[in-house]
Amino acid sequence: MGTTSAVAALEVKGLDIGYIGHPVMHALNFRVEKGDIFIVMGVNGCGKSTLLKSLIGLREPAQGKVMYDGKSFWDEDEAGQQVIMRHFGVLYQGGALWSSLTVGENVALPLELYSKFPAAKIREAVTAKLSLVGLQGCEDQFPHEISGGMRKRASLARAIALDPQIIFFDEPTAGLDPINARKLDDLILDLKKRLGVTVVVITHELASIFAIGNNSVFLDGESRTMIAGGDPKVLMADSKDPRVIKFLTRGGSN
């Protein structure tokens, strides 16, 4: 579990996000402490993925700040943003592996682009990262030759290639059967412990929310803002908001 400190790993202050003429979320305020597995949850279409884009540098918010270790990402110039972005990795919902590259080449790509390691060191790092996610020996296979669960893990190996401080997951268990979804949740818990990283997970999957999350924010599509936050288990036990209760007990559409 994360520990509260003066400077959060990630802090969102007064954030408004959306598209021209279409506000998605407003007045978002939350802290992700170092070592958290922080869940961004809410029903499909509420704005979770739009928020993720503003957190990882893909879409500038309409207003507010995204702070990494006290630095305001969107107030930095491009060079400053690139420095911050080197400290996090992203596992996209579809995996986003290059189909024309082998698994090993996919994992090596960020090292080739952003490190000064010689080829032998990169190969060594690729082997180590694939071993961490249980894919040792899969370096020469192509994405279409491995299962969906294995593709997710290969994408995770690529996300941790540069030893990030924060890993973002966009609906990591989407499309997986319950057994492989649980394996991926267990892997997230293991990597968080072994690597000492902070984790932010965008999801609406209850099994994952309760299995791995120690902190969270709940986005409500109707009011277009956050209406709850904290440990998901505590929210389920103590929340009086019918929208939060309905979601966490899955009393309706997810």
Side-chain angles (χ1 to χ4, degrees), residues 10 12 15 17-19 24-25 28 30 32 36-59 66 88-99 106 133-135 143 146-160 164 166-192 197-221 224 226-229 232-233 235-236 243-244 246-250 252-254:
L10 166 62
V12 167
L15 203 68
I17 56 175
Y19 307 91
V24 174
M25 281 281 149
L28 300 182
F30 58 85
V32 179
D36 269 350
I37 297 184
F38 189 95
I39 307 292
V40 178
M41 58 185 175
V43 300
N44 283 336
C46 72
K48 302 186 299 294
S49 292
T50 304
L51 172 59
L52 176 64
K53 289 176 183 178
S54 289
L55 297 183
I56 64 175
L58 295 180
R59 175 171 289 276
V66 176
F88 55 72
V90 184
L91 192 154
Y92 296 97
Q93 184 171 339
L97 294 172
W98 293 95
S99 60
N106 267 282
V133 301
L135 290 180
I146 59 178
S147 69
M150 293 170 74
R151 285 194 293 272
K152 294 269 189 178
R153 285 185 278 149
S155 299
L156 179 52
R158 185 181 61 187
I160 63 174
I166 301 180
I167 308 174
F168 292 92
F169 293 82
D170 185 13
E171 298 284 1
T173 58
L176 298 181
D177 62 74
I179 293 174
N180 278 309
R182 183 59 208 232
K183 286 181 179 178
L184 187 57
D185 285 339
D186 289 343
L187 180 57
I188 291 171
L189 287 168
D190 182 59
L191 289 179
K192 181 265 192 184
V197 294
T198 301
V199 175
V200 177
V201 182
I202 311 296
T203 188
H204 68 276
E205 299 287 351
L206 284 184
S208 294
I209 289 169
F210 292 122
I212 65 176
N214 74 285
N215 200 357
S216 71
V217 63
F218 183 88
L219 304 185
D220 176 54
R224 294 181 178 174
M226 53 183 288
I227 59 172
K233 298 182 185 68
L235 284 179
M236 185 173 70
R243 294 164 294 183
V244 178
K246 180 179 180 181
F247 179 84
L248 291 177
T249 59
R250 208 39 58 91
S253 171
N254 65 352

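Atom set for the values below is all heavy atoms of this structure, side chains included, hydrogens, waters and symmetry mates excluded. Fair warning: this is a prediction, and the values are worked out from it, not measured in the lab.
Under the 3.5 Å distance criterion, the side-chain polar atoms of R59 are left unmatched by any main-chain donor or acceptor of I17. Of the possible donor and acceptor atoms, none in the side chain of T173 sits under 3.5 Å from a partner among the backbone N and O of L176. Distance alone, capped at 3.5 Å, is enough to place a donor-acceptor pair between the R153 side chain and the V133 backbone. With hydrogens and angles ignored, the 3.5 Å screen pairs no side-chain donor or acceptor of D36 with any backbone N or O of T198. Remark: the backbone N or O of L219 is not paired with any side-chain donor or acceptor of K48 at under 3.5 angstrom. Looking at K152, its side chain does come within 3.5 Å of a backbone N or O of Q93 through a donor-acceptor pair. Side-chain atoms of D170 do not come within 3.5 Å of backbone N or O of I202 as any donor-acceptor pair.
By the 4.5 Å heavy-atom criterion applied to side chains, F169 and T203 are not counted as neighbours. L184 is not listed as a side-chain neighbour of N180, based on a closest heavy-atom distance of 4.5 Å or more. L15 has its side chain within reach of L51: a pair of non-hydrogen atoms, C-beta onward, lies under 4.5 Å apart. Between V40 and L52 there is no side-chain heavy-atom pair separated by less than 4.5 Å.
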Should I209 and S216 be marked as a side-chain contact (heavy atoms from CB on, under 4.5 Å) after you check the CA-CA gap, both sets of side-chain angles, and the distance that decides it?
CA-CA 9 Å; I209 289 169; S216 71; over 6 Å; no

Given side-chain contact (heavy atoms from CB on, under 4.5 Å), test V217 with F38 step by step and report yes or no.
CA-CA 8 Å; V217 63; F38 189 95; 3.7 Å; yes

Go through it in stages, so that I can follow the logic: the residues are D185 and L189, the test is side-chain contact (heavy atoms from CB on, under 4.5 Å), and I'd like the CA-CA distance, side-chain angles, deciding distance and then a yes or no.
CA-CA 6 Å; D185 285 339; L189 287 168; 5.6 Å; no

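The salt bridge (charged side-chain N to carboxylate O under 4.0 Å, His left out) pairs that include a residue from residues 171-183 are R182-D186, where partners are two or more places apart or lie in different chains.
Interatomic distance, OG of S99 versus CG of L97, reported as 9.0 Å (0.5 Å rounding). M25 contributes atom CE, which lies 5.0 Å from atom SG of C46 (distance to the nearest 0.5 angstrom).
Annotation for R243 and F218: closest pair O-CZ, 4.0 Å, computed over non-hydrogen atoms. Residues P143 and W98 approach most closely at CG-O, 3.7 Å, considering heavy atoms.
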